[in-house]
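If you read the sequence from its start, that first residue is 1, and numbering goes on from there. The structure presented is a predicted model; accordingly, all values stated were derived computationally and were not measured.
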Amino acid sequence: MSIRLYDTSARQIRDFSPLVPGCVSIYLCGATVQAAPHIGHIRSGLNFDIMRRWFAYRGYDVTFVRNVTDIDDKILTKAAEQGRPWWSIGYANERAFNDGYTALGCLPPTVEPRATGHVTEMVEMMRGLIERGHAYAADGNVYFDVRSFPGYLQLSNQELDNLLQPSGEGETGKRDPRDFAMWKAAKEGEPSWETPWGRGRPGWHLECSAMAHKYLGESFDIHGGGLDLIFPHHENEIAQAKAFGDDFAAYWLHNAWVTMSGEKMSKSLGNSVLVSEMVKQWRPIVLRYYLGTPHYRSMIEYSEEALREAEAAFARIEGFTQRVVELAGPVEPASEVPLAFAEAMDDDFGVPQALAIVHTTVRQGNSALTADDKESAVARLAEVRAMLGVLGLDPLDEHWAGAGTGRGDDLHGVVDSLVRMVLEQREGARARKDYATADAIRDQLQQTGLAIEDTPSGPRWTLS
């Protein structure tokens, strides 16, 4: 079965056919670094990390470009509000984004270009568009003439006559109010670069068109991003790139939002949950499970209860993994995932259906443990590890194992030492056949919220 994708531009599921056999080229709109990331920002990177991993599992050579928008109106506004250099704000938040991606187990991109490093490419694109009659300069700005491009608005399925184009301050000299800025004339106190049309700075849409062209060429396989980017950003990217002569992206994939009270998570609404704070409260692997296991095109309604449910679900997987390892020692992942898992992932990255196979396999493995069927339990864990590896959720992977990233990790060692002292007293009571004392110790530990399990290698405690 071939991989099938929901293509936003076609509004339907399509079989994936790469432009170059055996290769996949992906451009993902990355961070705009005006502020530190909340979990809604990180979801996009995480969803496309899973997609990338699945393409790699299927044998594709993946080129993954995720840009950084380090100059735009929002960053300059923050700089003015905070009295800090624009580049200082951008760099600090870029690092915060990368810390978030790393904490949640996202693989680094093949390349992560910054907008400010590609002004030369932007100037070349504007020059070509002006020569072809698709753009014009006015008052130091450069605008794209939307009426010159017949395919404009096909991605978002809008009518040009009904269009309300977002416009920024200082965008004067437009021939049509729906034309959008590719280059903005310099203002006092703002960064600027020299061009044939005067000093200024790039517009948001031009940045991505130029960087995609530089790193992926005239055509590439997949362009991704959040639903909110379809218009105006992706629509304007398409217009610039195709009017310049590029075929641009063959498929368009868009992930849904993380919402709070039904609204898109947004700093402007005051309802964001910063990744840097979330990883102090929840283990990063649990956050990855929570954000990565719903279908990428489904909304996630944020709640503490949903996170606790994710934590409990993942604990069942971890518990099975730990029991098998204690019984049989290290278990390597299987060379292939189960067929049903593969079919789910091939069908537009159906992670919820794939995850159901993971949990079914865990239940089968637990049944094997109960029946003292060590061979079957080991086989099921090998399958589980293979599936979790694709999802970036293998608890035995070196990224997670012993990484010290758990909630309350700073106290875990202390608690472990104290509990083991008590368990040693319980073991001593059992050795003396003083079962009443041993049971009393166990009951007292359970009342404190600890679950005690007797295993062949000795007692083990977990949070109940």
### Six-ring centre of Y101, R66 cation under 6.0 angstrom, axis tolerance 45°
yes
### Query
Is it true that the NZ or CZ of R297 lies under 6.0 Å from the centre of Y6's six-membered ring and within 45 degrees of the ring axis?
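Judged by the rule (NZ or CZ under 6.0 Å from the ring centre, within 45° of its axis), R297 counts as positioned above Y6.
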### Message
Is it the case that the side chains of N366 and R316 hold a donor-acceptor pair, with the cut-off being a distance below 3.5 Å and no angle test?
### Response
no
### Query
Does the pair E383 and T361 meet the rule for a side-chain hydrogen bond (donor to acceptor under 3.5 Å, both in side chains), with working shown?
CA-CA 8 Å; E383 292 172 346; T361 308; 4.5 Å; no
Using a strict 4.0 Å threshold on nitrogen-to-oxygen distance, state whether [X] and [Y] make a salt bridge.
X: E427; Y: R430; result: yes
X: D72; Y: K78; result: no
X: E311; Y: R308; result: no

### Message
Is it the case that over 12 heavy atoms from other parts of the model lie below 6.0 angstrom from the CZ atom of R84?
### Response
yes
Locate the shortest heavy-atom distance separating [X] from [Y]; write the atom from each residue and the value.
X: Q82; Y: I89; answer: OE1-CD1, 3.8 Å
X: H359; Y: A313; answer: CE1-O, 3.5 Å
X: V331; Y: R385; answer: O-NH1, 2.7 Å

### Query
Between H118 and Y215, is the gap from one ring center to the other below 6.0 Å?
yes
### Task
List in chain and number order the residues that pass side chain to side chain contact (heavy atoms under 4.5 Å, CB included) with T360, two or more places apart in sequence or in another chain; answer none if no residue qualifies.
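Testing T360 for side chain to side chain contact (heavy atoms under 4.5 Å, CB included), a comparison that skips the adjacent residues, returns R363, Q364.
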### Message
Applying side chain to side chain contact (heavy atoms under 4.5 Å, CB included), can you list everything that pairs with D99, at least two apart in sequence or on another chain?
### Response
none
### Task
Verify side-chain hydrogen bond (donor to acceptor under 3.5 Å, both in side chains) between N67 and T69, making sure each step is shown before the conclusion.
CA-CA 7 Å; N67 77 292; T69 298; 3.3 Å; yes
### Query
Between Y60 and F55, what is the ring plane arrangement, given parallel below 30°, perpendicular above 60°, and tilted in between?
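If you compare the ring of Y60 with that of F55, the planes turn out perpendicular.
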### Task
Report the relative orientation of the aromatic rings in F16 and Y251; use parallel for angles under 30°, tilted for 30 to 60°, perpendicular for over 60°.
tilted
### Task
Quick one: do Y296 and D348 satisfy side-chain hydrogen bond (donor to acceptor under 3.5 Å, both in side chains)? Show the steps, please.
CA-CA 9 Å; Y296 76 94; D348 195 31; 2.6 Å; yes
### Message
Please determine whether side chain to side chain contact (heavy atoms under 4.5 Å, CB included) holds for the pair I50 and F349, giving the CA-CA distance in whole Å, both sets of side-chain angles, and the decisive distance to 0.1 Å.
### Response
CA-CA 8 Å; I50 293 173; F349 308 106; 5.7 Å; no
### Message
So F220 and H213, do their side chains get closer than 4.5 Å, heavy atoms only?
### Response
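No - every pair of side-chain heavy atoms lies 4.5 Å or more apart.
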